[in-house]
Peer 1: 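Quick one: the structure is below, and I'll ask about it shortly.
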There are 2 protein chains.
Amino acid sequence: MIGRLNHVAIAVPDLASATALYRDQLGATVSEPQAEPDHGVTVVFVELPNTKVELLEPLGEGSPIQAFLDRSPSGGIHHMCFEVDDIMVARDKLKAEGARVLGSGDPKIGAHGKPVLFLHPKDFNGTLIELEEV
Amino acid sequence: MIGRLNHVAIAVPDLASATALYRDQLGATVSEPQAEPDHGVTVVFVELPNTKVELLEPLGEGSPIQAFLDRSPSGGIHHMCFEVDDIMVARDKLKAEGARVLGSGDPKIGAHGKPVLFLHPKDFNGTLIELEEV
């Protein structure tokens with residue numbers, strides 16, 4: 001069912017300094033910061049030959065990554081995102097097998113403009129998994 | 001400098017049940033468990049079209065992932081591994097810019113038989129980064 005690893009997302013308290021680490025120390029190609037007010041984050045994409053790392057900084061009140069940074073002020077790996085062909089088929093299969101979908105249980109439009117959902121980390125070894133339909 | 005994302009490593013307390021989650025619920029192709037006594041882990045490879053997820057269970061006394069599981073008993077994302085062409089060039093550049101290499105500071109032979117090193121998570125937004133020469 002799951003396809004490519006679309007990205008690994010890292011929550012960071014300071015996007016400019018995190019971007020500099022990936023660009024200057026690790027020598028990666030990084031994008032300009034992109035504000036996603038609907039998703040409560042500003043994102044920098046670290047482009048790798050086979051996938052992306054996304055650096056996420058909270059934007060506005062109630063950012064979905066703020067609680068994570070309150071627990072881990074220096075940041076950390078927040079989630080990983082796998083691609084699926086059909087997110088409703090994926091959701092129904094996972095729910096039938098007892099996995100919990102966060103929020104309403106219905107896919108939402110994610111930061112890339114595609115339908116996404118998040119699986120409960122307690123059902124997947126403490127790992128927050130995003131599924132994105134591509 | 002960094003190239004492909006070689007893998008994302010997830011520490012798990014029970015490799016059999018974690019493997020079943022990725023194989024049966026997420027529908028991924030998984031390997032047989034592979035004991036790596038020299039590295040203190042048993043590994044299952046989750047093969048994705050563009051990279052790998054590695055599920056790691058502690059093996060023997062003093063496993064390098066035991067302290068992580070003591071803090072996070074249900075598991076979690078432990079590190080991510082980027083490929084580099086020349087690990088000594090990478091190490092010297094990173095050290096010159098103030099990044100700390102874990103352990104002796106010299107690369108070791110990793111679980112894939114290639115030279116690896118780990119960077120201090122405090123220098124990279126709370127993220128443990130492995131570099132592997134390929």
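No hydrogens, no waters, no symmetry mates; every other heavy atom, side chains included, goes into these values. None of these values were measured; they are calculated from a predicted model. Numbers restart at 1 for each chain; the letters A, B, ... are given by sequence-line order, proteins then strands.
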Peer 1: So, the side chain of B/N50 versus the backbone of A/R4: is there a donor-acceptor pair under 3.5 Å, distance only?
Peer 2: no

Peer 1: To the nearest 0.5 Å, what is the distance between CG (B/N125) and CG (A/L56)?
Peer 2: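 It comes to 11.0 Å.
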
Peer 1: Which value, rounded to the nearest 0.5 Å, describes the distance between B/I77 atom CD1 and A/I77 atom CD1?
Peer 2: 5.0 Å

Peer 1: Can B/L26 and A/F124 be said to form a side-chain contact (heavy atoms from CB on, under 4.5 Å), step by step?
Peer 2: CA-CA 10 Å; B/L26 293 172; A/F124 290 93; 3.9 Å; yes

Peer 1: I need the A/M80 CE to B/L48 CG distance, nearest 0.5 Å.
Peer 2: 8.5 Å

Peer 1: For B/L128, is it the side chain, the backbone, both, or neither that has a heavy atom closer than 4.5 Å to a heavy atom of chain A?
Peer 2: neither

Peer 1: Under a single-linkage definition using a 4.5 Å side-chain heavy-atom cutoff for Ile, Leu, Val, Met, Phe, Trp and Tyr, are B/L15 and B/F68 assigned to the same hydrophobic cluster?
Peer 2: no

Peer 1: Please determine, among A/I129, A/L94, A/L119, the option with the most heavy-atom pairs under 4.5 Å with chain B.
Peer 2: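 Looking at each of A/I129, A/L94, A/L119 in turn, A/L94 comes out on top.
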
Peer 1: Do B/V43 and B/I65 sit in the same hydrophobic cluster, where Ile, Leu, Val, Met, Phe, Trp and Tyr count as joined when their side-chain heavy atoms come under 4.5 Å apart?
Peer 2: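 The answer is yes; both residues are in one hydrophobic cluster.
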
Peer 1: Counting only heavy atoms not in A/D85, do more than 12 sit closer than 6.0 Å to its CG atom?
Peer 2: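 Counting other residues, nucleotides and ligands, CG of A/D85 stays at 12 neighbours or fewer.
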
Peer 1: Are B/Y22 and B/V41 joined in one hydrophobic group, where the rule is that I, L, V, M, F, W and Y side chains link up if heavy atoms are under 4.5 Å apart?
Peer 2: no

Peer 1: Take B/V53 and A/F82 through the test side-chain contact (heavy atoms from CB on, under 4.5 Å) and record every step on the way to the result.
Peer 2: CA-CA 11 Å; B/V53 171; A/F82 299 120; 4.1 Å; yes

Peer 1: For residues B/M88 and B/I2: do they belong to one hydrophobic cluster (side chain heavy atoms under 4.5 Å, members Ile, Leu, Val, Met, Phe, Trp, Tyr)?
Peer 2: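 The answer is yes; both residues are in one hydrophobic cluster.
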
Peer 1: Which atoms of B/L55 come close to chain A, meaning under 4.5 Å heavy atom to heavy atom: side chain ones, backbone ones, both, or neither?
Peer 2: neither

Peer 1: Linking I/L/V/M/F/W/Y whenever any side-chain heavy atoms sit under 4.5 Å apart, do A/V8 and A/V84 land together?
Peer 2: yes

Peer 1: Measure across B/Q25 and A/M1 and return the closest heavy-atom pair with its distance rounded to 0.1 Å.
Peer 2: O-CE, 3.3 Å

Peer 1: Please classify the contact between B/L5 and chain A as side chain, backbone, both or neither, with a heavy-atom cut-off of under 4.5 Å.
Peer 2: both

